[in-house]
Structures are given as structure tokens and as C-alpha cells.
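Only this structure's heavy atoms are used, side chains among them; waters, hydrogens and symmetry mates stay out. This is a predicted model, so every value here is computed, not measured. We name chains A, B, ... by the order of the sequence lines, and we start the count at 1 in each one.
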Amino acid sequence: MFFQSNLHAAKIGELTETSVFEQALRFLSLKDPAVRIAVLGSIFLGINCGLLGSFIVVRKLALVGDALSHAVLPGVALGFMWNMTKDPIAIFVGATIAGLIGVTAVNLIKDTTKIKEDSVLGMVLAGFYGVGIVLLTMIQNLPFGNKSGLDKFLFGQAAALSVSDIQLIGSITLLCLIIVYFFYKEFLVISFDFSFAQSTGIPAKAFHYLLMLLLTFSVVVALQAVGVVLVSALLITPAATAYLLTDRMHRMLFLAALFGMLSGLTGAFLSFLGNDLPTGPFMVVAASSLFIAAFLFGPRYGLIPKFLKRKNQSYQIEVENTLKAIYQVLEKNNFKEEGVLFDKLAEHRNESIVDTENQINKILKMGCATLNENENSDSNYFKQKLISLTPTGWTRACEIVRNHRLWELYLTNEAQYAADHVHEDAEIIEHVLGDDTVRKLEKMLNFPTRDPHGKLIPGLKYLEDNGTHNSKSAVTQI
Amino acid sequence: MIENFIPPFNFNDIFIEPWTYGFESYIWIFLMGFFVNAACGLVGNFIILRRMALVGDAISHSLLPGIALAFILSSSRSTTVIVIGAISAGLLTTIFIEYIYKTSRVKADAAIGIVFSTFFAIGVILITMYADHVDLDADCVLYGEIGFIPFDERASFAGINLGPIPVVRMAGVTIVVLLLINLFYKELLVTSFDVGLANSLGINTNLFHYGLMAVLSVVIVSAFESVGAILVIAMLIFPGATASLISHRLPITLGLSLFLSILYSLIGVHLAIWLNCSIAGAMVVVAGLIFTGVWLFNPTNGLIKKMGLTRKLTK
């Protein structure tokens with residue numbers, strides 16, 4: 001994110017008269033009262049929008065936020081018409097009423113017609129916005145009135161906030177924080193299971209409309225800083241970013257508020273660097289950068305950690321398959337030999353000797369096997385080297401084979417599979433059976449010794465009792 | 001107080017003048033409005049059927065950076081470059097939205113909101129930062145203005161004067177949309193209602209999905225200078241949604257959409273003359289009023305009729 005701010009700063013610097021560094025310094029030192037107001041406003045808005053946005057994101061109502069933010073426009077225009085100035089209270093009241101009418105219209109149309117929700121949202125969004133545009137253009141064409149600042153409602157300008165705006169934003173934020181804190185449980189329940197909430201006696205509908213009311217409040221106070229079109233992004237994006245990082249609602253609320261605050265601050269900072277740059281778009285770009293970062297690198301659900309985890313898993317499976325193959329080759333000779341030759345292993349696995357060498361290198365690296373000189377030396381390199389398993393390698397190999405054979409037995413005995421159908425299934429499950437499941441299987445199958453094909457199931461008892469390694473006893477001990 | 005805002009209603013000024021003294025300009029404004037509404041309404045019918053109204057919303061916002069980049073890179077108002085920019089922005093939006101909600105736990109609605117707001121924000125930043133290169137201003141983005149479209153350059157074909165270039169272009173788009181719907185009617189119908197059936201019939205559903213998105217992008221970008229990025233959603237959804245209250249047969253709703261386009265444009269122009277406001281905005285207000293009227297007073301299944309029925313039944 002810091003990299004990105006530098007990038008933008010450089011570009012804006014080319015266009016502005018004053019030095020970017022001077023502007024940045026002016027912003028960061030917070031000496032200018034206008035800067036202090038912008039910073040304070042952005043922090044409040046970020047917290048507020050992140051908090052309420054979390055509830056609409058988990059309830060899949062994200063686009064209701066979008067429709068709401070467009071629907072307030074006629075209210076803004078009417079509030080302005082009240083006495084033809086930018087009076088925060090008149091605009092706040094007008095916009096809140098318009099927003100609530102919008103939300104009600106969505107519900108009414110959805111309930112009384114067969115039109116689908118997405119079309120209804122689109123109609124309310126664009127229809128109300130159209131009324132707003134008609135009113136705004138009428139105001140602009142009027143010969144009287146103080147129209148300055150009205151255009152800021154469309155794209156937002158944090159620097160245009162006044163002290164009375166900040167008081168309004170601050171009190172709304174405080175109100176939201178208090179209500180969410182006291183009714184956290186109720187909001188949580190209606191977010192995840194509306195019918196359950198109703199059945200436990202929570203007035204779920206009332207809380208739904210309370211949430212919509214708070215949402216309208218925060219959209220309306222955010223308008224001047226972010227603009228009508230992009231307010232919804234400040235609701236959705238920080239909350240979705242938090243959703244990618246955690247499963248707990250209270251953590252999500254905290255993170256969403258934090259991300260909203262960061263985006264608000266970055267947006268205010270970046271738009272301050274240039275001349276008359278709108279704040280809203282920069283806030284949105286900052287919020288989206290955070291989202292992309294979480295989408296790619298989020299520890300739990302991020303794309304790259306997921307990819308690495310999957311790669312690690314397939315590496316593990318390859319190693320286990322190699323160990324199992326070595327075990328099987330040894331078993332063919334009744335464990336009379338100390339190790340396995342490369343070409344024998346390749347033959348067993350039906351693959352080229354180069355592939356086998358790659359796989360062997362992996363298990364050597366993990367310390368599961370060692371390479372020894374073959375006594376009856378051959379000119380062929382691959383016949384000179386004998387692969388012997390180390391104690392860890394042995395334990396692992398025995399575990400895998402044991403998992404495989406136990407599962408085969410389970411399928412034939414308990415699930416009534418035919419004995420020739422069980423191998424493929426066991427090939428997959430052997431890598432994921434945990435210790436608990438294996439213990440359960442043993443118990444259920446009454447500590448078996450042989451698999452459905454008549455082969456011995458290797459036991460682990462000896463190895464557990466006695467750290468020393470003895471291949472034959474590891475196998476024969478049941 | 002209200003008389004300060006609403007200009008006096010003068011029948012002569014509002015209804016007679018435009019069609020007599022002002023005919024030369026108002027006929028083109030009316031036709032432009034009609035073609036915009038018609039092209040959007042026709043495509044919109046299919047968008048509504050596929051429950052993709054909000055993807056249409058997202059695409060209309062996301063075209064902005066595509067158009068802005070096309071202006072910056074080509075440094076000329078070349079139609080081809082702008083159309084290419086718009087189509088790629090539209091398809092990218094669709095792909096990003098699908099990618100986000102398929103690979104992460106973020107739901108489709110939040111994915112739509114995130115993608116379009118990001119694109120739109122980048123577009124606004126590009127326009128404000130490269131204002132000298134981009135022949136667009138913020139107002140145009142938000143509500144367009146049919147009245148400001150240059151109508152003096154005329155297109156001619158084989159020596160016949162067809163009319164102003166923008167109107168002819170929009171008419172061309174509408175005709176192409178009509179032709180495409182005619183040609184692929186059956187495929188569009190099947191893919192809109194039952195993707196599984198369409199696949200089993202051997203129809204390439206992906207092709208039609210992305211094809212429709214590309215056509216939608218072209219329609220939106222050609223309507224852009226008239227109605228802007230946001231009001232275009234009204235043009236897309238209102239005709240189809242209003243028609244769907246009257247009939248459930250697609251051919252009829254398509255026909256009704258064309259008829260509604262004439263009404264929106266005609267009444268919208270007069271409303272805008274009266275109130276001295278944005279023409280596109282006035283058209284949307286008309287669309288909203290007609291929808292509300294049909295919703296409440298439709299003789300077969302209007303809200304008032306339904307309420308009367310319930311009252312009769314409860315008696």
C-alpha cells in the first residue's frame with residue numbers, strides 16, 4: 001500500500017503547482033485545521049461503514065447498500081432546496097427519508113410482483129437516481145441560490161467537510177457503535193439465521209429495519225466525503241476484505257472498521273496531494289488494494305497460501321507413495337534384502353529410472369532413506385546403489401501400508417465391497433487417515449493381521465515400544 | 001415556496017414550439033432518446049431473464065476506465081478504439097466478478113460491488129488526472145446530456161442525407177441488436193431459461209453468455225454520451241420490467257419495450273423542456289412513473305386490483 005501511494009503521488013506531482021512533499025508534509029503534520037477535519041471525518045466514516053458493511057456483506061445484502069446510496073440523491077437535492085444552501089441538517093433529513101423510501105420500495109415491489117430482486121434493486125437505484133439528477137439539474141439552472149458544494153455530493157471531497165459536518169458524522173458514528181455494542185447478539189443472530197431469530201422471540205424485522213436505518217444514516221453522512229456513486233464500495237469492500245481473513249463476527253467487525261479507516265485515511269491523503277482531486281475514488285482504490293492483498297495473501301483463504309498448501313500436500317503424497325513402493329518391493333522378497341535397487345523400484349512402479357531417481361532424492365532429503373553401495377557391484381550406476389530406509393522412513397512406510405490395508409479390509413468387511421474393487425479407494429484414503437481414525441478402524445476390525453488379499457498388515461507396536469530399528473520385527477510384530 | 005422551483009406550465013412553449021420552430025433539433029433529440037431506450041430495452045429483456053440486472057449495472061460503471069484509457073492511448077475520438085476499450089472493460093468485469101466469487105468465499109453480490117466500484121474509481125481518477133486528454137467531464141459520466149450531442153455533422157449514404165452521425169450510429173446499434181435477436185432468438189431463449197437444457201442441445205452457453213455481455217457493453221458505450229453510466233441502468237431494466245408486469249411472453253415483452261421506448265423519449269423530452277432539467281434524467285423519471293402506474297393500476301394483476309380481490313375473499 002505504501003508503494004502504491006508513492007506511485008500515485010508521483011503522477012499527481014506532475015500536474016500540481018505546489019510540491020508534493022510540501023503537501024504531504026502539510027497533511028501529515030496535521031497543522032492545518034482543514035486537514036484535521038478531513039482526517040477525523042475519514043476515520044469516522046471508515047469505522048462506521050466498515051462496521052455496518054460487515055452485517056450487509058454476511059447477509060448477502062451488499063447491493064442493497066448500493067441501491068440505498070443512489071436512492072438518497074433526490075433527498076439531498078430536496079434538502080438543498082429547503083433553503084437553497086448546503087445546510088447539513090436539512091440535507092441529512094431529506095436524504096434519510098429518501099433512503100428509507102427507497103428501501104421500502106425495494107421490499108414492496110419484491111413482495112407484490114414477480115420481478116426478481118436484482119431487477120428491483122436496479123430499478124430503484126436508477127429510478128431514484130434519475131429523480132435526483134432531474135432535481136439537481138433544475139437547481140443548477142435556477143438563477144438564484146448558493147449552489148457551491150452541491151457537486152461534491154457526486155464524487156466526494158473530504159476537504160470540503162465543515163465543522164458542523166464533522167459533528168454530525170461523529171455523533172452518527174457514536175450512535176452506530178453504541179447500538180451495535182448493545183444489540184450485538186441480536187444483530188449476529190439475524191445475520192446468520194433470520195427464522196431462528198424470529199423463533200427465539202427476537203423482533204427480527206424490527207432489527208432489520210434498525211440496521212437499514214443505521215445504514216441510511218451512515219450512507220448519508222458519508223456522501224460528502226465519498227460521493228453518491230462510491231459510498232457502497234466503502235460499505236462492501238472493507239467488510240469483504242475482513243470476511244476473507246476471519247471466521248468470527250466480532251473479529252470481522254473490528255478488521256472491517258480498521259480497513260475502512262485505513263482506506264478513508266489513504267483516500268483523504270492522496271486526494272489532498274493534488275489540486276481538487278476527488279476523495280471518493282482514491283478511498284475506493286485504497287480499499288480495493290487491501291482487498292486484493294487479502295484475496296491473494298490472506299493466511300486462511302488467500303489464493304497463494306491455498307496454492308502452496310496444495311503443492312505441499314501433493315509433495316507429501318509423492319513421498320509417501322515412494323516409501324510404500326519400497327516397502328512393497330522388500331515385501332516381495334520376504335524382507336530378506338537390506339535395501340532396494342533403483343531399477344527394481346522403477347520396474348515395480350512402472351516408470352522411467354529418471355523419475356524414480358527424482359522421487360528417491362525427495363525421500364533422501366527428508367531423511368527417510370540412505371544410499372548404500374551394493375555388494376555385488378555392477379557397471380551400471382543404478383545397480384550400484386542400494387536404497388535402505390532409515391527408522392523414520394520405516395515407520396512412515398509401515399504406517400502408509402497399514403492405512404491402505406486396513407482401509408481395504410474395512411471396505412470388504414464393513415461396507416461389503418468386492419475385494420478387487422477396494423484398491424483404488426484405499427490409494428486415495430491412505431494419505432489422509434489420521435491416527436484417531438486408524439485406532440478406530442483397528443478396534444472395529446478387531447485388530448486384524450491380514451488384508452483382503454491375504455497380505456500381512458504391518459504393525460507398529462514394536463517400533464513404539466523400542467526405538468531401535470529392525471525391519472523384520474516391524475513387520476512380523478502384529 | 002414550490003413555485004420558485006417549478007417553472008410555469010405553458011402548453012405552447014412545451015408542446016407546440018418543439019415541433020414547429022425547434023423541430024430541426026428536437027426531432028433528433030427525440031430519435032436519439034428513442035434509439036437509446038430501444039437498444040437498451042431490447043438487450044435488457046434478456047438481462048432481466050438471466051437475473052443479471054446488477055451485472056449490467058456493474059458493466060455500465062466499469063466501462064468508464066475502458067473509455068478513458070481508449071481516449072488517453074489513442075488521443076483521438078476513434079470509434080473503433082472506444083468500442084474495443086468498452087468491450088474489453090465489460091468482459092473483464094464479468095470475468096473478474098465470476099473469478100472472485102468462484103475462487104473465494106466472497107458472495108456474488110459483494111463481488112459485483114467490489115469490482116464495479118474499483119473500475120469506476122479508476123475511471124474517475126483517470127478522467128480527473130488526464131483531463132486534457134480525455135474529452136469527458138464528470139457530469140457527462142454521471143448523467144450524460146442528449147442536448148449537448150453535436151447534431152450538425154451529417155451522415156450520408158449514397159448521396160442521401162440520413163441525419164446526424166450520433167443518431168445514425170445509435171440507430172445502427174439498435175438495428176444490429178434487433179437483427180441479432182432475430183437470428184439467435186431460439187438460442188437466447190433457451191440459454192436464458194435453462195442452461196442445462198441448452199447445453200444438452202449442444203448450444204455453447206458460454207459463447208452466448210459472453211456474447212450477450214459484449215453486445216451489452218457496445219450498447220452501453222453507444223448510449224454513454226446521451227445518458228451517462230448510471231441512468232443507463234434504468235434504460236436497461238425499466239422497459240423489460242414494466243413489460244413483464246403486463247405479459248409473460250418474450251415476443252410481447254420485446255414489442256412492449258419498443259413501444260415504451262417511444263413513450264419514455266417523447267414524454268421525457270417535453271418534461272425536460274418544462275422543468276429545464278437533464279433530458280436523460282427526465283426520461284428515467286417518466287420510466288419510473290409508467291412503471292409505478294402499471295404496478296398499481298394494471299387491470300389484470302395490478303396492486304390495487306389485487307388488494308380489492310383480497311378484501312373480497314376475506315369477506
Side-chain angles (χ1 to χ4, degrees), chain A residues 11-12 15 57 60-63 65-66 70 81 109 112-116 118-123 125-139 141-142 151 154-155 229-230 232-233 235-237 239-240 243-244 274 276-278 280-285 288 291 295 301 303, chain B residues 4-5 48 51-57 61 100 103-114 117-118 120-125 128-129 138-139 142-143 230-238 240-241 244-245 271-272 275-278 280-285 287-288 291 295 301 303 306:
Chain A
K11 275 187 191 161
I12 296 159
L15 297 171
V57 164
K60 301 184 202 168
L61 292 176
L63 292 169
D66 189 30
H70 286 74
M81 281 176 166
I109 299 177
T112 58
T113 66
K114 283 181 184 160
I115 301 174
K116 299 293 173 301
D118 61 327
S119 300
V120 177
L121 284 175
M123 279 197 300
L125 180 158
F128 274 66
Y129 183 81
V131 176
I133 288 298
V134 164
L135 292 173
L136 280 185
T137 45
M138 276 167 72
I139 294 173
N141 293 334
L142 285 175
D151 52 330
L154 294 171
F155 287 127
V229 191
L230 293 171
S232 62
L235 287 172
I236 302 171
T237 314
Y243 191 55
L244 285 178
D276 204 29
L277 286 171
F282 284 104
M283 286 188 182
V284 173
V285 169
S288 302
F291 176 79
F295 184 72
Y301 299 108
L303 224 52
Chain B
N4 289 339
F5 300 111
I48 293 174
R51 304 192 186 177
M52 293 182 71
L54 293 168
V55 178
D57 174 19
H61 284 78
I100 288 181
T103 57
S104 79
R105 61 204 301 250
V106 174
K107 308 290 186 312
D109 61 334
I112 291 175
I114 293 168
S117 58
T118 312
F120 191 75
I122 293 172
V124 174
I125 292 175
T128 40
M129 280 177 31
D139 289 351
L142 289 167
Y143 48 88
I230 300 164
L231 293 174
V232 76
I233 305 150
M235 273 64 179
L236 279 173
I237 304 172
F238 270 112
S244 79
L245 290 178
L271 186 67
L275 296 179
N276 191 13
C277 66
S278 145
M283 285 181 187
V284 174
V285 170
F291 174 82
W295 175 40
N301 59 355
L303 196 59
K306 266 188 206 161

> Which atoms form the tightest heavy-atom contact between Ile237(B) and Ala53(B), and what is the distance?
Replying inline: CD1-CB, 3.7 Å
Residue, of [options], that accumulates the most heavy atom pairs under 4.5 Å with chain A:
| options | result |
| --- | --- |
| Ala111(B), Ala282(B), Cys277(B) | Cys277(B) |
| Met235(B), Met52(B), His61(B), Lys107(B) | Lys107(B) |
| Val232(B), Leu271(B), Ile100(B), Ile112(B) | Ile100(B) |
| Gly56(B), Gly240(B), Ser104(B), Ala121(B) | Ala121(B) |

Of the backbone (N, CA, C, O) and the side chain (C-beta and beyond), which part of [X] lies under 4.5 Å from a heavy atom of chain A, both, or neither?
| X | result |
| --- | --- |
| Leu236(B) | neither |
| Leu303(B) | side chain |
| Ile233(B) | both |
| Ala287(B) | neither |
| Ser278(B) | both |
| Asp57(B) | side chain |

> Donor-acceptor pair, Ser117(B) side chain versus Ala233(A) backbone, under 3.5 Å?
Replying inline: no
>> Under a 3.5 Å distance rule, please check whether Arg51(B) uses its side chain to pair with a backbone N or O of Asp118(A) as donor and acceptor.
In response: no
Report the distance from atom [atom1] of [X] to atom [atom2] of [Y], rounding to the nearest 0.5 Å.
| X | Y | atom1 | atom2 | answer |
| --- | --- | --- | --- | --- |
| Asp109(B) | Leu54(B) | CG | CG | 9.0 Å |
| Ile236(A) | Tyr243(A) | CD1 | OH | 14.0 Å |
| Trp295(B) | Ile109(A) | CH2 | CD1 | 4.5 Å |
| Thr118(B) | Leu230(A) | OG1 | CG | 9.0 Å |

>> For the interface with chain B, which of Met283(A), Lys114(A), Met138(A), Met123(A) has the highest count of heavy-atom pairs at distances below 4.5 Å?
In response: Met123(A)
>> Only pairs of heavy atoms separated by less than 4.5 Å count here; which of Ala239(A), Ser119(A), Gly280(A), Ser232(A) has the most with chain B?
In response: Ser119(A)
> At a heavy-atom separation under 4.5 Å, does Leu136(A) approach chain B through its side chain, its backbone, both, or neither?
Replying inline: neither
>> If I measure from the heavy atoms of chain B, does Lys60(A) come under 4.5 Å with its side chain, its backbone, both, or neither?
In response: both
> Heavy-atom distance under 4.5 Å between the side chains of Ile115(A) and Phe291(B), does that happen here?
Replying inline: yes
Donor-acceptor pairs under 3.5 angstrom involving side-chain atoms of residues 127-134 of chain A: please list them, not counting sequence neighbours.
| unit_1 | atom_1 | unit_2 | atom_2 | d |
| --- | --- | --- | --- | --- |
| Tyr129(A) | OH | Leu142(B) | O | 3.3 |

